[in-house]
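Step one of this worksheet: look at the structure below.
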Amino acid sequence: MNEFAVSWCRSEGLEVTRSRAYRKNDQAHVEQKNGAIVRRLVGYGRFVGAEATDALGQLYAVVRLYGNLFQPSFKLQEKTRIGARVIKRYHPPVPPGTRVLAHPDVAEADKERLQALMETADPVLLFAGIRAAQEELGRPVDRRGLKAKLEERIVIDLQCFAANLKTAWKSGETRPTHRRP
């Protein structure tokens with residue numbers, strides 16, 4: 001937690017602790033989504049400085065749109081317990097943005113703004129933005145220990161990116177943040 005969150009908790013009378021008492025492996029449960037989301041995007045490297053903060057902000061801004069508008073996810077419909085066996089049934093996978101548009105309690109003005117955002121967003125451009133932000137984030141990792149100067153930001157060439165998509169699966173998934181010099 002950062003200092004802002006700690007000061008807010010203390011002003012609200014909440015006790016700030018590292019984990020629950022007598023549960024030494026509690027952090028594993030609190031941060032279990034890091035492996036599924038954060039670590040797949042940025043790797044396990046340590047990022048320090050304003051340049052890394054800007055790159056992470058750029059990456060998370062694009063991933064937020066891509067994940068909420070275009071990535072389908074499962075939602076639990078029902079859970080039935082028969083003895084020790086648990087049977088789970090899910091709704092068909094739908095992107096969260098589509099699920100919000102179908103919800104009756106969401107205001108019409110919010111639905112119109114979301115619909116406009118969904119119509120203007122391009123999944124290929126967002127995916128290219130994710131890769132460019134990962135490249136930007138991986139550049140300091142590659143330069144670590146070297147006296148290299150800062151380079152210009154990456155400009156996304158959509159034609160080249162789209163042309164490489166049809167053969168990219170052959171080489172497997174390589175993320176720029178996972179490279180080492």
Side-chain angles (χ1 to χ4, degrees), residues 1-9 12 27-77 90-142 150-165 168-169 172-179:
M1 287 195 293
N2 60 18
E3 187 59 37
F4 179 76
V6 170
S7 63
W8 180 84
C9 289
E12 294 294 318
Q27 287 302 106
H29 302 292
V30 171
E31 298 185 10
Q32 66 187 348
K33 290 303 262 183
N34 277 353
I37 299 169
V38 176
R39 298 294 173 222
R40 287 192 71 195
L41 285 171
V42 300
Y44 289 87
R46 181 181 175 119
F47 302 106
V48 179
E51 184 182 353
T53 303
D54 291 341
L56 280 172
Q58 179 185 359
L59 176 64
Y60 290 146
V62 178
V63 167
R64 178 184 67 83
L65 287 175
Y66 184 75
N68 287 326
L69 298 180
F70 300 110
Q71 284 293 308
S73 61
F74 285 99
K75 184 172 167 93
L76 188 64
Q77 185 175 9
Y90 295 90
H91 291 285
V94 176
T98 307
R99 202 172 279 133
V100 168
L101 289 175
H103 200 282
D105 294 339
V106 177
E108 286 301 318
D110 294 334
K111 286 184 180 182
E112 290 171 6
R113 281 194 342 229
L114 181 61
Q115 186 66 38
L117 182 63
M118 289 177 82
E119 289 171 359
T120 58
D122 181 13
V124 174
L125 185 61
L126 289 174
F127 191 70
I130 290 171
R131 291 299 186 216
Q134 285 177 329
E135 188 74 35
E136 186 84 21
L137 192 59
R139 196 173 300 129
V141 174
D142 289 342
L150 296 176
E151 301 171 12
E152 293 292 320
R153 287 190 171 233
I154 297 171
V155 178
I156 302 168
D157 181 15
L158 282 180
Q159 281 77 23
C160 179
F161 179 77
N164 289 337
L165 281 179
W169 63 273
E173 187 173 11
T174 57
R175 296 186 182 100
T177 52
H178 293 230
R179 280 188 318 215

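Everything numeric in this text was worked out from a predicted model, so none of it was measured.
Put simply, CD on E3 and CH2 on W8 are 14.5 Å apart, with the number rounded to the nearest 0.5 Å. Taking NE2 from H91 and CZ from F74, the interatomic distance works out to 12.0 Å, rounded to the nearest 0.5 Å.
For the pair Q134 and L41, the tightest heavy-atom approach, listed with the atom from each and the gap, is NE2-O, 2.8 Å. Residues F70 and L126 approach most closely at CE1-CD1, 3.6 Å, considering heavy atoms. Scanning all heavy atoms of the two residues, the minimum distance from Q58 to E136 falls at OE1-CG, 4.4 Å. The minimum heavy-atom distance linking L137 with A55 is given by the pair CD1-CB, 3.7 Å. Scanning all heavy atoms of the two residues, the minimum distance from V106 to V100 falls at CG2-O, 3.7 Å.
At a threshold of 4.5 Å between non-hydrogen side-chain atoms, the residues Y90 and K75 do not count as touching. Two residues are said to be in side-chain contact when any heavy atoms from C-beta on lie closer than 4.5 Å; Y60 and L65 fail this criterion.
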Please list every donor-acceptor pair under 3.5 Å in which a side-chain atom of residues 109-124 meets a protein atom from a residue at least two apart or in another chain.
residue, atom, partner, partner atom, Å
K111, NZ, L101, O, 3.3
K111, NZ, H103, O, 2.9
Q115, NE2, E119, OE2, 3.4
T120, OG1, A116, O, 3.1
T120, OG1, L117, O, 3.1
D122, OD1, V124, N, 3.4

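When the side chain to side chain contact (heavy atoms under 4.5 Å, CB included) test is applied to S73, the partners found at least two apart in sequence or on another chain are P96, R99.
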